Amino acid sequence: MTLQKKINSSFRDPSGFLFTRDGELLRQINKIYKEDYELLISSGLYKRLSEKKLLIPHQEITSLDFYSAEGYKIIKPQKINTISYPYEWSFSQLKDAALVTIDIQKIALKHDLSLKDASAYNIQFLNGQPIFIDTLSFEKYEEGKAWVAYKQFCQHFLAPLALMTYKDLRLGQLARLFIDGIDLNLASKLLPGSSKLNFSLLTHIHLHAKSQKHYADKPVNTTQRKISQQALLALIDSLESAINKLKFPKAHSEWGEYYSFTNYSEDAFKHKKELVEQFLEILKPTSVWDLGGNTGIFSRLASKRGIPTICFDIDLIAIEKNYLYTKQNKEKNILPLFLDLTNPSPNIGWANEERNSWQNRGPADTLLALALVHHLAISNNLPFDKIAKYFSQLGKNLIIEFVPKGDSQVTKLLSTREDIFNNYDQENFAKDFSKYFVIQQTKTIAKSSRTLYLMTKK
Amino acid sequence: MNLLFYVSFTLGLFIISPSAAQAYLDPGSGSLLFQLLIGGILSGLFAIKLYYKKIKLFFKKRSASPNKENDTPEKNQ
């Protein structure tokens, strides 16, 4: 019997949807989209965009066994290892996603097509680079027609990037709260007055928001009004320069410099690396999630073996540094992403089913949790049992470092709070983790008081 | 461009734009109309930008050409 299931992220678009059939990810194109799809192919746009690695390549499936009666064609897009969302990206990841969207729209217009949506969720990271994944987002361009995705582009890209540049990096997290981007009226209120001196922001955010408000309750004839192609290209160019002008804000981070301030010696650090390598050699994981991976030094032990690796961190500056490093070195197997383990990305959207939590995007083959457990247990008062349980839901294997109370990093954490952590010792750690995992190996990191564990889920 | 002029010009357009009872608009339509309003201005600025780029390229080429001559194999011999 054939097992098939619709994917919840693509139900809004009448042009088609994603579904899985016997474990294979497929996209059904509906009859209603036939003309635009054929134009996408016959105009050469699909070929151009996929060659430039801007649009996900796909294979056409000859089978007429459609998921539903409105089907016209089934395509099989190239698989993306990890689906990530804009609220998990660093500043430059979002900026690059914006520039890819603009690039695509510019090329599409040359082929007499236009993007009908500009959602940040249509961008994913494949082999380290942002790529557009919605093959059904193109429509025939009609001379004189305004860009229907202009508002969405401003809400999904320009507004959060401007807020991050002008106010605070953490405002990128608003994307998690507002699934269709940041309302321009809100962005305009939150941005400082100085942002009005930036001509592009004045236009595309402040005046744009005013226009939306002004026309919100007025019936206006839009059918007779046209925008020339020259004006449309000017609009796209203006958006591109607006995005290009937004720069990563200068800031300092305790965590961004973490590796410069580690308390253990070069020998201990080297030994820890060797042990992680040994454990990876034993496990030969098919995927690795490095939790609290900072700028990715240990993630790279996995990614350099060709293992698809996600380096999660809570520090947006570390993620930014890591992303810029992967970009500069054209690394394909590592993806830096934001994750607050104490409040991880939840299921959001319609019926809480549109965007998945990390738990639903897992499990990973192997988790790395190095120099992390003391932050969770002491800074966040999380009992070992809770940490072990959640980790067992995220991954099948676990490489975890125990940092005891005598360690100067733990002492530092305890210096500002009362030591109520009587259970924080190696015995309790091993006991609680053993409820969910089988401890395979234990190794002491040379010239330190720390221990590295290799565990497998029960 | 004078900022105040730009602001008053654009807002002025809002006030004089004619209305007709053909569609009930949501903020999305406000965005579409806004493109029509700013299209002309952006188009003008875009043309100036392209023209400026061409001039810059012209002078760049002119200033680069003497060096190129110096690098020719004949001169280096």
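So that the names make sense, note that chain A is the first sequence line, chain B the second, and so on, each numbered from 1. Quick caveat: nothing in here was measured; it's all calculated off a predicted structure.
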Could you tell me whether [X] atom [atom1] has more than 12 heavy atoms of other residues or ligands within 6.0 Å of it?
{"X": "A/R48", "atom1": "CZ", "result": "no"}
{"X": "A/K213", "atom1": "NZ", "result": "no"}
{"X": "A/I32", "atom1": "CD1", "result": "no"}
{"X": "A/E353", "atom1": "CD", "result": "yes"}

For the [atom1] atom of [X] and the [atom2] atom of [Y], what is their distance to the nearest 0.5 Å?
{"X": "B/I38", "Y": "A/L207", "atom1": "CD1", "atom2": "CG", "result": "8.5 Å"}
{"X": "A/Y215", "Y": "B/L32", "atom1": "OH", "atom2": "CG", "result": "12.0 Å"}
{"X": "B/Q35", "Y": "A/K226", "atom1": "CD", "atom2": "NZ", "result": "14.0 Å"}
{"X": "B/L33", "Y": "A/S211", "atom1": "CG", "atom2": "OG", "result": "6.5 Å"}

Tabulate below the donor-acceptor pairs under 3.5 Å that side-chain atoms of residues 155-166 of chain A make, not counting sequence neighbours, or state none.
unit_1, atom_1, unit_2, atom_2, d
A/Q155, NE2, A/D180, O, 2.7
A/H156, ND1, A/A120, N, 2.9
A/H156, NE2, A/D180, O, 3.4
A/H156, NE2, A/D180, OD1, 2.8
A/T165, OG1, A/L161, O, 2.9
A/T165, OG1, A/K247, O, 3.2
A/Y166, OH, A/N198, ND2, 3.4

In residues 228-235 of chain A, what donor-acceptor pairs under 3.5 Å come from side-chain atoms, sequence neighbours left out?
unit_1, atom_1, unit_2, atom_2, d
A/S228, OG, A/A231, N, 3.0

For B/F34 and A/Y150, run side chain to side chain contact (heavy atoms under 4.5 Å, CB included): C-alpha distance rounded to whole Å, both residues' side-chain angles, the deciding distance at 0.1 Å, then the answer. CA-CA 10 Å; B/F34 184 64; A/Y150 171 58; 3.5 Å; yes
If the test is side-chain hydrogen bond (donor to acceptor under 3.5 Å, both in side chains), which one of A/Q212, A/Q152, A/H204 qualifies with B/S31?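 It is A/Q212, the one option of A/Q212, A/Q152, A/H204 that forms the side-chain hydrogen bond (donor to acceptor under 3.5 Å, both in side chains) with B/S31.
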Grab the two heavy atoms, one from A/D237 and one from B/K49, that are nearest each other, plus how far apart they are. OD2-NZ, 2.7 Å
